[in-house]
> 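There's a structure below that I have some questions on.
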Amino acid sequence: EEFLAAFQARIDAELKIEPNDPMPAGYRKTLVRQIAQHAHSEIVGMLPEGNWITRAPTLRRKAALLAKVQDEGGHGLYLYSAAETLGVSREELVGQLLSGKAKYSSIFNYPAITWADIGTIGWLVDGAAIMNQIPLCRCSFGPYARAMIRVCKEESFHQRQGYEIMLTLCKGSDEQKAMAQDALDRWWWPSLMMFGPHDADSTHSDQSMAWKIKRFTNDELRQKFIDATVPQAEFLGLTMPDPDLKWNEEKGGYDHGEIDWDEFWRVVKGDGICNRDRMKARRKAHDDNTWVREAALAYAEKTAARETAVAAE
Amino acid sequence: EEFLAAFQARIDAELKIEPNDPMPAGYRKTLVRQIAQHAHSEIVGMLPEGNWITRAPTLRRKAALLAKVQDEGGHGLYLYSAAETLGVSREELVGQLLSGKAKYSSIFNYPAITWADIGTIGWLVDGAAIMNQIPLCRCSFGPYARAMIRVCKEESFHQRQGYEIMLTLCKGSDEQKAMAQDALDRWWWPSLMMFGPHDADSTHSDQSMAWKIKRFTNDELRQKFIDATVPQAEFLGLTMPDPDLKWNEEKGGYDHGEIDWDEFWRVVKGDGICNRDRMKARRKAHDDNTWVREAALAYAEKTAARETAVAAE
Amino acid sequence: MPDADLKPETLFKYVLRLADDQLILGQRLGEWCGHAPTLEEELALANIGLDLLGQARSLYSYAGEIEGKGQGEDDLAFLRPEREYLNALLVEQPNGDFAVTIVRQVFHAAFMVPFWRTMTASSDETLAAIAAKSLKEVEYHLRHSSEWLIRLGDGTEESHRRSQDALEELWGYASELFEMDALADEMLDCGIAVDAAALKAEWDATVNAVLERASLTRPMDSWSQSGGRSGRHSEHLGHILSELQYMQRTYPGLSW
Amino acid sequence: MPDADLKPETLFKYVLRLADDQLILGQRLGEWCGHAPTLEEELALANIGLDLLGQARSLYSYAGEIEGKGQGEDDLAFLRPEREYLNALLVEQPNGDFAVTIVRQVFHAAFMVPFWRTMTASSDETLAAIAAKSLKEVEYHLRHSSEWLIRLGDGTEESHRRSQDALEELWGYASELFEMDALADEMLDCGIAVDAAALKAEWDATVNAVLERASLTRPMDSWSQSGGRSGRHSEHLGHILSELQYMQRTYPGLSW
C-alpha cells in the first residue's frame, strides 16, 4: 500500500523509473508486454517492406528501403534490450513471438503488394507509429523512454521518406497516381486501427495512464493522426476512402466514419491475409538458422575455455 | 566361342535380340550403359528447358515447352524400362546418376540463359540427338530399337518446333535476331561435341558397330548433322561461328574447324558451367521427396495386406 | 449469346476470374518441372499444368473477344498489373512440399468438377463448350490428386503429418471459391454463370470422402481468406508475375 | 583523366564490370532481409548490402558519364539484357545456407580489399576516389565475414561440415576474379586498372589464414568457372533480373 503510493508519487512527480528501482509487479508486467510487443512489431514489420527490396524501382529507392528495414531491425534491438532490463531475456521474448503467444502490431498482417504500398507504409504506418511513440519518449520507465527518443527520430525520417515516395507517384503518370490512390484505399482504415479500440472498449488504458506509460487515450491519438494526415492527402491530391470524413469546426478536428472493428479483431486473432505468412517466415528464419546460433555459442565457449587455459598457464 | 559366333550370325542377319535371348556379357553391359546414359540425358535435359517454363514469352510457347519437357520425361521412362528388361532396376540406375557414377549428355551442362536458347536447343540439340537416334531405331536390341522409334518421332517434332522459334526470332526485331545469333554462337560447338570424339579417339566404337548397337561412326554422324544444319542456318540468315566452315565439293559435305576437345573433356569430367547445378537439382528433387516415395510404398504395402486379409476371410 | 441487358464488362471480368485461376495454378505447377518426387509424377504434374494452361488460353481468347478492344490471350495473360489479376488466393499459394501441392489441387479440382459440370448448361455457348472440354480434364485432376492425398494420408507417419499440416495451411483459402458477389450474381441471373455457393455441398462431400479414406481430419472452419476476386492478393502473386511477365515486359510488342 | 588513346567504350565496360559485381552481390544480400540467423546479423548483412549498392551507384553514374549518351545509374542497372551484365559468376550464386553466403562474402571481400587498395593509385581520379571510400567498407566486410567463417568452421560439427561444403561449392568461382583479358590489360597499360592476377597471392594468404583459424581445409584447385565478364552467366542471373528489373520494365520511363 505504502509502496504503491510512494511509487505513484514518483510517477506523478515525473521522475523516471529505472530498472533497479522497486516497482509494482503489474507495472513491470505491463511494460514487458508492451515493449516486447513493440519490439516484435519492428521485427515482423521488416517483412512487408523486405518483400520489395529485390524489386525496388530505382537504386536510390532500393538503398533507402534497405536502410529503412535495417533501422527497424535496430529498433527491435534497442527495444529487446530495454525489455531485458526488466529481467526477461530476448530468447524468451522471441520464443513467445514464435509460439504465437505474444502479439505484434496487426498492421503488418496486411500485404505490401505494389510499390505504392511502400510509400504508404512510410507515410501512414510510420506516421501512426510516431503519434503513438512521441508520448512514449516521456514514458515513466527510463530505458523505454530513451529507446523511444532514438526510435522516433528515425521513424520521422522514414515517414517523410514514405510521403516523398507518394508525392513522386502523385506527380507521376496516371498509373502511378492510381497506384497511390489504391494503396491509400487499402491502408487507411488499418492505419486507424493501429491506435487500438475506442477508449470505451480499451482494457488496459486507465492503469497505464496513471502509471504514465500511456499519456493519451487511443481516440485522442487517432484524432491527432487523422487531423495531421488529411491535409497531407489533400496536398497529394488523393481522396480519403471515407465518405463520412469531414471537418468539424466545433471540435476543431475531423469526424470520421465507423471503423470496422470486426475486421480489426479478426486480424488480431490471426486471420489477416498475411498472419500465417509472417509467422511462417519468422519461424523459418529461426529454425533454418539454429545451427548458426549453436555454432556461434560453441565457438564462444571454446574461445573462453582456451583463454582460461592460457591464463591458467 | 561357338555361342559368340552364333550370336554374331544372328546380328549379321539383322535379327533382333530380345531380353530373354542369351547374349554376351559385354553386349548386355554396353547396352545397359548406353540406354541408361540416354535415359539420364532425357531427365537432366528437362532442367535447362524447365528453367524457362515460368518465363516463356507467350502462352502458346509456354504450353509447347511444358509439353516438350513432359515428352522428355516420357522418353526417360521408356528408356529406363528398356534398360530394366536387361535386369537392372530403375532405382539402381538413378542411384548411379545421383552418385555421379553414370554419365549423361554433356550438352545439358550448358545453361539456357535466353529465350533463343530454347529455340536453339530444339533446333540443334534435338537435331543432333535425332541424327544419333535414327540409326538406333534399327539397333540389334529389340526393346531399345522400339523405344527409339517412338522417341525419334517426338524428337523430330521438337526439332521442328525449335527451328520455328528460331525462324520467328530471325524474322523479328534486331534484338531478337541478335538473341538468335548469340544462342547459335554459344550452342554450335557443344552440339558438334554431342557426337563424341573423332573416330580415331573413340574407344567403344568398333565392337558396338559389330554388334549393330551403333551403325555409323561419330564422325559420319557429325558430318550428316553439319550438312543438314548449315543450309537451315543460311535460311535463318544466321552466321555459323566457324570461319573454317566451307563446302567441300569433292567430299560433297562441309569441312569444319577444329573442335575444342579440351573443353569437351572438361565438361564431361564435371567442370561445365552447370554440371554442379544439374546434379544439385536432381539430388534435391530426390532427397526432398524421399518421404513421398516412402509413403507411396507404405500405402501400397498396406493396401496389398488388406486385400490379402479380405481374400483370406 | 449473352443477354441483352448484360454489360460486356461484367462478362469480361467474370471470364478473366476464371482464366486467371487456371493460369496461375498452371504456372505454379510449371515450377515443379524437374523437381517432382518421381518421374511418373513429373509427367502427371505437367499434364495437369498443360490442361490448365489450355483452359486459360481458351478463356483469355474469349475474354478478349468480349472486350472487343483487340486484346489477345497474351495481352490479357501477361500485361495487366497485379491488382487486375482476379484469381482466388488459393491458386497463388506457394507449392510448398508435395503435400501442399496435392491438397491445393484437390481443393481446386473438387470445386472445378461441379463448376464446369454446371457451366455446361450455361446460356453462353462458348463457356458451355469450354466447360464440356474442361470437365473431363478436371475429373482426371481430381482423381489423380485424391489418390495421392489418400496415399499420403494413409502412408507413413511423416506423410500423414505433412498432409494434415498442408490441409490446415490451405483450408481457409477454400471458402473464397464459393463466394458470390454482385458481379457473379448478375451473371447468374442472366443464366451464364454458375452459383458457386451452391457447389459447397458437393465439394464438402467430395473432400470428406477423400479425407476419410486418407485417415485425415477435416480442419475446423476457424479462418478464411478472400480478396483475390477484387485483385487483393497475398504477397506471393507479385513474385509469380515478375517471372511470368518478364519477357513481355522486357520486349513489348514483339512476336515470339 | 583517361589516356588519350583510351577508347571510352573500353573504360565504360571496365567500370560496368565492377558495378555489376557490387549490384548483383548487393541484390543477393537483400534477399536475406527478414530471414537472417540473428537480429544482429540481419543488420550486418543489410549494412554490407548497402555499402555494395552505394559502390554500384557511384560506378554506374560514372559509367554513364563515360558513355556520354545520357544513361543514368538506373538505366544501366535495370535496363540491360542478361547477356550485357558483366559480373563474375561468384556474386550471382544463390545465397544457399548462411555458410554459403559467408564464404561468398569472404571470397569477394578478400579480393576487393587489395583491389580497391591498388585502385586508389589509379590515374583515373574518379575511380581512385571511389576506391578510397570503398576500401574502408570492404575491410569491414572482410573482417565481419572472416569472423563468421572462423566461428562456423570452429563451431559445431554441423557448422564445420556446412562451411567446408560451402567452400567446395564456391571454390571454383574464385579464380574468375583474377582473370585478365584484352580489355583489362588495355586499362592496365593506361594506368587505370588493377592487375587482378597480381592480387592472387594476397587473396591466397588472406583466405589461407582464415581457413587455418577456422580449422577448414583449403579445397583443391580442381575446377573453375568463368564467363561472367563476357556476359556468359549461369542460369541464376536471369531469375535475379526478373525481380531486379520488374518495375523498370513494367513502367518504362517513369520517375519513382
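Scope of the values below: all heavy atoms of this structure, side chains included, with no hydrogens, waters or symmetry mates. Throughout, a chain's letter reflects where its sequence line sits, starting with A, and its residues are numbered from 1.
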> Quick check on D/Leu244 against chain A: is it the side chain, the backbone, both or neither that has a heavy atom closer than 4.5 Å?
both

> For each of D/Leu53, D/Ile150, D/Leu29, D/Leu43, tally heavy-atom pairs with chain A at distances under 4.5 Å, and name the one with the top tally.
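Top count of heavy-atom pairs under 4.5 Å with chain A: D/Leu43.
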
> What residue, out of A/Leu65, A/Ile53, A/Val292, A/Leu297, has the most heavy-atom pairs lying under 4.5 Å from chain D?
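So the answer, after comparing A/Leu65, A/Ile53, A/Val292, A/Leu297, is A/Val292.
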
> Can you tell which part of A/Met179 gets under 4.5 Å to a heavy atom of chain D, answering side chain, backbone, both or neither?
side chain

> Rounded to the nearest 0.5 Å, what separation is found between the OG atom of A/Ser191 and the CD1 atom of A/Ile121?
11.0 Å

> Which residue out of A/Leu47, A/Val69, A/Ile43, A/Leu77 racks up the most heavy-atom pairs below 4.5 Å with chain D?
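When all of A/Leu47, A/Val69, A/Ile43, A/Leu77 are compared, A/Leu77 has the most.
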
> For D/Ala99, which atoms come within 4.5 Å of any heavy atom of chain A: side chain, backbone, both, or neither?
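Both backbone and side chain.
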
> Can you tell me which portion of A/Ala56 sits under 4.5 Å from chain D's heavy atoms? Options are side chain, backbone, both or neither.
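Answer is backbone: N, CA, C or O of A/Ala56 sit under 4.5 Å from chain D.
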
> Quick one: donor-acceptor pairs under 3.5 angstrom, chain A versus chain D?
residue  : atom : partner  : partner atom : Å
A/Thr54  : O    : D/Gln27  : NE2          : 2.9
A/Thr54  : OG1  : D/Glu243 : OE1          : 2.6
A/Pro57  : O    : D/Gln248 : NE2          : 2.8
A/Leu59  : N    : D/Asp74  : OD1          : 2.9
A/Arg61  : NE   : D/Trp256 : O            : 2.6
A/Arg61  : NH2  : D/Trp256 : O            : 3.1
A/Lys62  : NZ   : D/Gln27  : OE1          : 2.6
A/Gln70  : NE2  : D/Leu43  : O            : 2.9
A/Gln70  : NE2  : D/Asn47  : OD1          : 3.2
A/Arg90  : NH1  : D/Glu40  : OE1          : 3.2
A/Arg90  : NH2  : D/Glu40  : OE1          : 3.4
A/Arg90  : NH2  : D/Glu40  : OE2          : 2.3
A/Gln176 : NE2  : D/Ser255 : O            : 2.7
A/Arg282 : NH1  : D/Gly34  : O            : 2.8
A/Asn289 : ND2  : D/His35  : O            : 3.3
A/Arg293 : NH1  : D/Pro37  : O            : 3.1
A/Lys302 : NZ   : D/Asp154 : O            : 2.8
A/Lys302 : NZ   : D/Asp154 : OD1          : 3.2
A/Lys302 : NZ   : D/Gly155 : O            : 3.0
A/Arg306 : NH1  : D/Asp154 : OD2          : 3.4
A/Arg306 : NH2  : D/Asp154 : OD2          : 2.7

> What distance separates A/Leu184 CG from A/Leu236 CG, expressed to the nearest 0.5 Å?
8.5 Å

> To the nearest 0.5 Å, tell me how far D/Leu135 CG sits from D/Ile130 CD1.
13.5 Å

> For the residue pair D/Leu170 and D/Val103, what are the closest heavy atoms and their distance?
CD1-CG1, 3.9 Å

> Does any non-hydrogen side-chain atom of D/Leu167 lie less than 4.5 Å from one of D/Phe107?
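In contact.
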
> Under a 4.5 Å heavy-atom cut-off, does chain A meet the side chain of D/Phe98, its backbone, both or neither?
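Both backbone and side chain.
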
> Under 4.5 Å between any side-chain heavy atoms of D/Phe115 and D/Val138, yes or no?
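D/Phe115 vs D/Val138: side chains apart.
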
> Heavy atoms, side chains only, cut-off 4.5 Å: are A/Leu238 and A/Cys170 in contact?
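Of all side-chain heavy-atom pairs linking A/Cys170 with A/Leu238, at least one is under 4.5 Å.
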
> Out of curiosity, A/Phe235 CZ to A/Leu167 CG, how far, rounded to the nearest 0.5 Å?
6.0 Å

> A/Leu59 vs D/Leu23, test: side chain to side chain contact (heavy atoms under 4.5 Å, CB included). Steps then yes/no.
CA-CA 9 Å; A/Leu59 292 181; D/Leu23 173 67; 3.7 Å; yes

> Counting C-beta onward and ignoring hydrogens, is there a side-chain heavy-atom pair between D/Leu76 and D/Phe12 closer than 4.5 Å?
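D/Leu76 reaches D/Phe12 side chain to side chain.
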
